[in-house]
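A short write-up of the structure that comes next.
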Amino acid sequence: MLLRRFWGVSVAATLVGAAPARPVSRDVSTDVLDQLTLFAQYAAASYCSNNLNSTGTPLLCAAGNCPSVQSAQTSTLHEFDHSTKFGDVAGFLAADKTNKLLVLSFRGSRTLSTWIANLDFGLTDASLCSDCQVHTGFWQSWQTVADEMRSKIDSALKTYSDYTLVFTGHSFGAAIATLGGTALRNAGYKVNLYTYGEPRVGNEALAKYITKQAHLWRVTHTDDIVPKLPPASFGFSHASPEYWVTSGDNKTVTPADIQVVQGVGSTDGNAGTPEPDVSAHNWYLLNIDACQ
Ligand SMILES: *[C@@H]1O[C@H](CO)[C@@H](O)[C@H](O)[C@H]1NC(C)=O
Ligand SMILES: *[C@@H]1O[C@H](CO)[C@@H](O)[C@H](O)[C@H]1NC(C)=O
């Protein structure tokens, strides 16, 4: 029911945002904040190794950063941790009986500064949409697990046919969640997408396409460096809307701290901040990679 109310709010917000000709910003409701917090905790849980090596167990974050997930009735249907040449693709698919959710969560990189330093800016054609180009490494990372994820999701949906399917992740995990979610939507699945500190994943045609698919909550934090990468000057863009958290590191986030920034590739939120910051990448409503 929480989700249904949330959907209503989000649709209303989209309509309000569509009226003026230029992008607008506004703060969010507590329902929206609750959802952003819940899925931030699901993203955080994929940094905890005990959620990656024991399919069938409840989710547990030793670092104490996923209390809402731990108090829900969860069990994982698949846990995975694959080392690929594009990066480690790790995470879990979990059933949440309390909130009637199937959540696929992808972990970010375990060595952030190395990952940032090694991030390449290559684009490649993808069949996701016409004129769409994607970040080569992120796309290939998704492709290494695409068949596996699809088969696990198919079997989960047989048991939990009335559950809402959600993809989430932080950082590199957010990029995989977005490209995977877009690919599965193209294949007819309904996917809600919650991303935290997501890098740019493709060109403007892709950003427009993802924006049009909607059901996207792309969260950024102050001047976090990662959503600024790869740079727009290399042909990359971001989908809309952006939920921009404007309060500082380690600060409890209130609805008034979140601005909804409309517009593909907008510079009204994180992208327009002058100094890229690495520490802001760790604070996404909570210390999102505390389990590292
Ligand atoms: C899974 O990982 C956790 C945390 O690293 C570890 O304590 C546990 O022994 C591992 N379990 C298995 C079954 O490998
Ligand atoms: C926020 O918390 C982290 C982890 O406890 C700490 O390393 C960092 O210095 C804190 N940042 C600020 C601005 O207080």
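Ligands are counted one by one from 1 in listed order, and the atoms in each one are counted from 1 as well.
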Q) Is a donor on one side and an acceptor on the other found under 3.5 Å between the side chain of Asn270 and the backbone of Asp224? A) yes

For each nitrogen or oxygen atom of ligand 2, which protein N/O atoms lie closer than 3.5 Å, and how far apart are they, rounded to 0.1 Å?
unit_1: ligand 2; atom_1: 2 (O); unit_2: Asn250; atom_2: OD1; d: 3.1
unit_1: ligand 2; atom_1: 2 (O); unit_2: Asn250; atom_2: ND2; d: 2.4
unit_1: ligand 2; atom_1: 11 (N); unit_2: Asn250; atom_2: ND2; d: 2.9
unit_1: ligand 2; atom_1: 14 (O); unit_2: Asn250; atom_2: ND2; d: 3.2

(Q) For His135 and Phe236, take the angle between the two ring planes, folded into 0 to 90°, and tell me which bin it lands in: parallel under 30, tilted 30 to 60, perpendicular over 60. (A) tilted

Q) What are the two closest heavy atoms between Trp115 and Ser171, and how far apart are they? A) CZ3-OG, 3.9 Å

Q. Considering only heavy atoms of Asn53, which atoms of ligand 1 have at least one such atom less than 4.0 Å away?
A. 1 (C), 2 (O), 3 (C), 8 (C), 10 (C), 11 (N), 12 (C), 13 (C), 14 (O)

Q) Is there a donor-acceptor pair closer than 3.5 Å between any side-chain N or O of Gln259 and the backbone N or O of Trp244? A) no

Q | Donor-acceptor pair, side chain of Thr98 and main chain of Gln73, under 3.5 angstrom | A | yes

Q. What about Tyr42 and Tyr196, are their ring centers closer than 6.0 Å?
A. no

